[in-house]
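Structure, as structure tokens:
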Number of protein chains: 2
Amino acid sequence: MTPGQRQDGRIGIRQVAERAGVAVSSVSRVLSGHPNVSKPMRRRVLLAVADLGYEPDMLAQGLRRGATMTVGFVVGDISNPLLAEIALGAETSLGKRGYSMLLANSQNDPRLDARHISLFRQRRVDGLLLSLADETSEATLQALRLVLRPSVVIDREIDPSIGASAVLSDHAVAIGAAVDDLVGAGHRRIALVTGPSTVRPSRVRADALQASVRRHRGVRAVTRAGQFSAEHGAVATTQLLDDRDPPTALIAGSNQVLVGVLRTLKRRAMSIPEDVSVVTCDDVPLAELMAPGFATIHRDSTQLGREAAALLLRRVEGGGPETRTLPVKYRRGKSVGPPSTD
Amino acid sequence: MTPGQRQDGRIGIRQVAERAGVAVSSVSRVLSGHPNVSKPMRRRVLLAVADLGYEPDMLAQGLRRGATMTVGFVVGDISNPLLAEIALGAETSLGKRGYSMLLANSQNDPRLDARHISLFRQRRVDGLLLSLADETSEATLQALRLVLRPSVVIDREIDPSIGASAVLSDHAVAIGAAVDDLVGAGHRRIALVTGPSTVRPSRVRADALQASVRRHRGVRAVTRAGQFSAEHGAVATTQLLDDRDPPTALIAGSNQVLVGVLRTLKRRAMSIPEDVSVVTCDDVPLAELMAPGFATIHRDSTQLGREAAALLLRRVEGGGPETRTLPVKYRRGKSVGPPSTD
DNA sequence: TAAGTTGTAGGAACCGTTTCCAGAACCCTG
DNA sequence: CAGGGTTCTGGAAACGGTTCCTACAACTTA
């Protein structure tokens with residue numbers, strides 16, 4: 001039996017070397033584009049590769065090179081269209097550069113965040129994309145400190161000692177524009193229903209709401225922070241409307257929250273914008289089309305994903321941590337009108 | 001310098017062995033739960049592992065064991081909520097069994113399907129989950145033949161020579177139920193607007209529609225196959241309504257198609273169900289909540305993902321290819337009423 | 001022509017783990 | 001207590017590549 005044989009049919013670099021009549025190291029050099037390799041050598045090797053249909057084993061490459069061309073994406077909930085689009089944008093960008101993406105769903109549970117991060121470490125990913133749960137636990141931070149790999153957090157602020165890059169959304173200016181529009185339409189009492197006050201998008205929006213309101217005389221704002229869920233949206237809306245001096249305009253902090261808001265309005269037979277004006281954040285394309293003309297605070301989530309990938313690759317290639325803030329746009333719509341006059 | 005040292009800080013099985021004062025093979029045995037290992041040995045090793053915070057390198061494990069505990073998911077469009085939920089279900093199931101999921105988006109392009117499949121092969125995934133593009137190219141089949149790894153196709157029929165498992169949805173009975181409901185409401189002319197006639201869900205639904213209609217006297221059905229897109233939905237609806245004898249009930253084959261249908265109806269100022277009854281397939285939770293009470297042909301996509309994962313793992317563990325058909329339910333709703341009488 | 005460069009190729013060590021193999025220690029029985 | 005069978009352990013060879021190191025040959029240059 002000739003030396004380079006294998007029992008199973010798989011062909012490796014040794015088989016290629018034997019076929020081409022050269023050393024394995026030469027095959028490796030040809031395939032990885034090493035400079036010092038003669039023309040005839042390159043030809044022979046490539047011929048053998050084509051004949052045998054050889055494809056390198058990325059596992060072995062990763063082990064030896066110390067780089068796996070893999071990044072891990074920890075995502076709170078991939079069935080959330082916003083996050084799915086981020087994943088889409090990121091995967092596409094990464095794929096173009098030869099990277100593959102490992103996806104792990106944490107179901108918005110900080111413990112799963114931490115577990116997945118260290119699992120990715122064991123898998124030796126080259127970098128981490130993080131769309132973390134609403135709460136960042138100490139365990140998550142600890143896991144992140146141990147990975148020793150570049151990471152990019154999405155729409156979160158995280159302990160700088162981690163050294164992570166961040167891609168943020170500029171929620172503030174969009175909220176400002178929305179408030180201006182609402183105030184221009186005559187509203188004097190505006191409510192924001194959003195997720196946990198600890199999480200960046202909620203906090204930034206709440207702060208921006210207060211700041212924007214202060215620019216206008218006689219306008220008051222109230223924020224109901226809770227969860228990014230339909231339940232919270234419904235309950236908060238009910239409470240707001242039951243107030244002695246209820247808001248005439250509502251801003252929903254997410255799709256799910258909007259669902260709750262709409263449910264409550266429907267139950268009360270209130271119509272938009274006659275009885276109450278509504279603006280929503282992070283609309284999904286589908287919803288936009290189903291309820292056309294809704295006023296939205298919108299960001300390009302696919303671009304967000306692409307940007308996150310770009311930031312990560314820069315770090316993988318040796319760059320330092322950066323923070324990039326992407327624009328968010330307010331889009332006027334038919335769901336905003338003058339306040340009801342009763 | 002002691003032998004087991006390393007320049008970088010990373011600790012491997014050698015460091016653990018040295019610390020515990022045993023052989024590396026023993027450490028490996030303890031960690032992989034090999035039966036023949038004494039109690040004191042286990043104690044010493046586990047102590048060293050804990051002291052050093054050792055975590056195995058899954059890359060090296062994969063290389064040596066020949067199993068990477070990784071599966072690849074090739075998906076047409078992760079930003080499609082239906083597919084995102086499938087991914088969610090699959091990832092959760094796989095994660096519980098220690099598997100990680102590589103995600104690749106093919107953008108509904110058969111060439112990318114093929115490329116990603118062979119990329120996954122190079123990454124030595126243990127199995128493949130396939131939600132393929134609308135068209136299955138010869139290149140895709142060829143790539144699939146070369147992978148030599150178990151695969152599960154989702155809602156597609158594929159050349160049996162591939163030996164893939166399949167998880168299908170029983171669209172037929174749901175269409176039957178929908179037709180019964182529509183006919184019961186008085187409809188005599190029903191149209192289905194759906195994707196390419198080559199792709200399984202479209203074909204099965206079209207066939208089921210014809211079969212169901214045949215059960216009723218004087219009822220006629222027409223199918224407009226095209227793309228799973230809003231454009232096709234809009235165009236097809238326009239053409240259908242312009243017909244001399246237009247349908248009084250429409251079934252939309254997907255979310256995107258529904259968007260087009262609704263757009264056209266809105267443009268024509270037609271209301272549901274007064275002017276036309278509408279049933280939609282594969283509603284997303286969000287849409288359901290935004291347009292509550294819509295009649296839908298619904299399947300549990302998370303369960304679909306879980307089932308696909310289960311099927312794949314059975315194959316990975318040595319089982320033969322299976323096909324499993326999951327139920328699809330028709331849910332009556334307010335978007336169905338008696339046909340208009342003009 | 002001898003010595004120094006440079007380009008090219010092969011051999012072998014290595015990445016971090018598993019597993020085969022062989023030997024040592026132990027236990028049990030005749 | 002010798003012999004045979006277990007159970008346990010350590011050493012070394014894989015897994016499939018990459019890369020360092022060395023050697024050889026072919027040119028330059030002195």
Side-chain angles (χ1 to χ4, degrees), chain A residues 3-45 48-49 52-70 121-126, chain B residues 3-45 48-49 52-70 121-126:
Chain A
Q5 296 278 1
R6 276 215 247 180
Q7 56 281 48
D8 63 0
R10 268 193 70 81
I11 47 168
I13 201 171
R14 275 169 249 269
Q15 282 69 37
V16 176
E18 195 186 5
R19 170 103 175 198
V22 302
V24 290
S25 45
S26 298
V27 176
S28 176
R29 267 187 297 256
V30 169
L31 261 34
S32 49
H34 203 84
N36 289 352
V37 41
S38 69
K39 223 169 179 72
M41 166 69 87
R42 160 163 290 116
R43 238 181 39 79
R44 300 186 63 175
V45 168
V49 165
L52 271 50
Y54 166 78
E55 283 181 337
D57 182 327
M58 299 189 69
L59 222 57
Q61 288 189 160
L63 182 60
R64 185 61 239 246
R65 288 184 172 157
T68 53
M69 299 300 282
T70 305
R121 175 175 123 98
Q122 293 183 42
R123 291 195 176 271
R124 286 183 148 237
V125 296
D126 294 335
Chain B
Q5 295 279 1
R6 276 214 247 182
Q7 56 281 47
D8 63 0
R10 267 194 69 82
I11 47 166
I13 202 170
R14 275 172 251 269
Q15 282 69 36
V16 176
E18 196 186 5
R19 170 100 173 201
V22 301
V24 289
S25 44
S26 298
V27 176
S28 176
R29 268 187 295 257
V30 168
L31 261 34
S32 48
H34 201 85
N36 289 352
V37 40
S38 69
K39 223 168 179 74
M41 165 71 84
R42 160 162 291 118
R43 238 180 41 79
R44 298 185 64 176
V45 168
V49 165
L52 271 51
Y54 166 78
E55 283 180 340
D57 182 328
M58 299 190 69
L59 220 57
Q61 288 188 158
L63 181 61
R64 185 60 240 242
R65 289 182 171 159
T68 53
M69 299 301 283
T70 305
R121 174 177 124 99
Q122 294 182 43
R123 290 193 178 272
R124 287 186 148 235
V125 297
D126 294 334

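Because the structure is a prediction, the values reported are computed rather than measured. Within every chain, numbering begins at 1; the chains are lettered A, B, ... in the order of the sequence lines, protein sequences first and strands thereafter. FYI, side chains are in, hydrogens and waters are out, and symmetry mates aren't considered; it's all heavy atoms of this structure.
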Q.
Below 4.0 angstrom, which residues in residues 31-40 of chain B have at least one non-hydrogen atom near DNA chain D?
A. B/N36, B/V37, B/S38
Q. Does any N or O in the side chain of A/Q15 come within less than 3.5 Å of the main-chain N or O of A/G12, such that one atom is a donor and the other an acceptor?
A. yes
Q. How would you label the contact of A/V22 with the nucleic acid (heavy atoms, under 4.0 Å): base, sugar-phosphate, or nothing?
A. sugar-phosphate
Q. Mind checking whether A/V27 and A/V22 have side chains closer than 4.5 Å, heavy atoms only?
A. yes
Q | B/R123 CZ to D/dC15 P, straight-line distance once rounded to whole Å | A | 22 Å
Q.
Within this structure, what is the CE-OG1 distance for the pair A/M58 and B/T68, rounded to the nearest 0.5 Å?
A. 12.5 Å
Q: State which residues pass side-chain hydrogen bond (donor to acceptor under 3.5 Å, both in side chains) with B/Q122; sequence neighbours excluded, sorted by chain then number.
A: none
(Q) Check this one for me: any side-chain N or O of A/R124 less than 4.0 Å away from OP1 or OP2 of C/dC15? (A) no
Q: Measure from OH on B/Y54 to C1' on C/dT17 and round the result to the nearest Å.
A: 7 Å
Q: Among residues two or more places apart or on two chains, list those pairs meeting side chain to side chain donor-acceptor pair (under 3.5 Å) that have a residue in residues 31-45 of chain A.
A: none
Q | B/M69 CE to C/dT18 C1', straight-line distance once rounded to whole Å | A | 15 Å
**Q.** Shortest non-hydrogen contact from A/Q61 toward A/P56
**A.** OE1-CB, 3.4 Å
Q. Between atom CD1 in B/I13 and atom C1' in D/dA12, what is the gap in whole Å?
A. 14 Å
(Q) OP1 or OP2 of D/dG10 versus the side-chain N and O atoms of B/S26: is any pair under 4.0 Å? (A) yes
Q.
List the residues meeting side-chain contact (heavy atoms from CB on, under 4.5 Å) with A/A67, not counting sequence neighbours, and say none if there are none.
A. A/D126
Q) In whole angstroms, how far is the P atom of D/dC15 from the CZ atom of A/R14? A) 7 Å
Q: Identify, residue by residue, the members of residues 55-67 of chain B with a heavy atom below 4.0 Å from DNA chain D, and return them in order of residue number, or none.
A: B/L63, B/R64
**Q.** Nucleotide D/dC15, atom C1' - distance to CD of A/Q15 in whole Å
**A.** 13 Å
(Q) In the structure I gave you, are the side-chain heavy atoms of B/R10 and B/D57 within less than 4.5 Å of one another anywhere? (A) yes
Q) To the nearest 0.5 Å, how far apart are OG1 in A/T70 and CG in A/L59? A) 9.0 Å
Q: Working to the nearest 0.5 Å, report the span between CZ of B/R29 and CE of B/M41.
A: 7.0 Å
Pairs under 3.5 angstrom, nitrogen or oxygen only, protein versus nucleotides 21-27 of chain C, please.
none

**Q.** No-H, no-angle donor-acceptor pair, A/S28 side chain to D/dG17 base, under 3.5 Å
**A.** no
Q. If every non-hydrogen atom of A/V37 is compared with every non-hydrogen atom of A/V30, which pair is closest and at what distance?
A. CG2-CG2, 3.6 Å
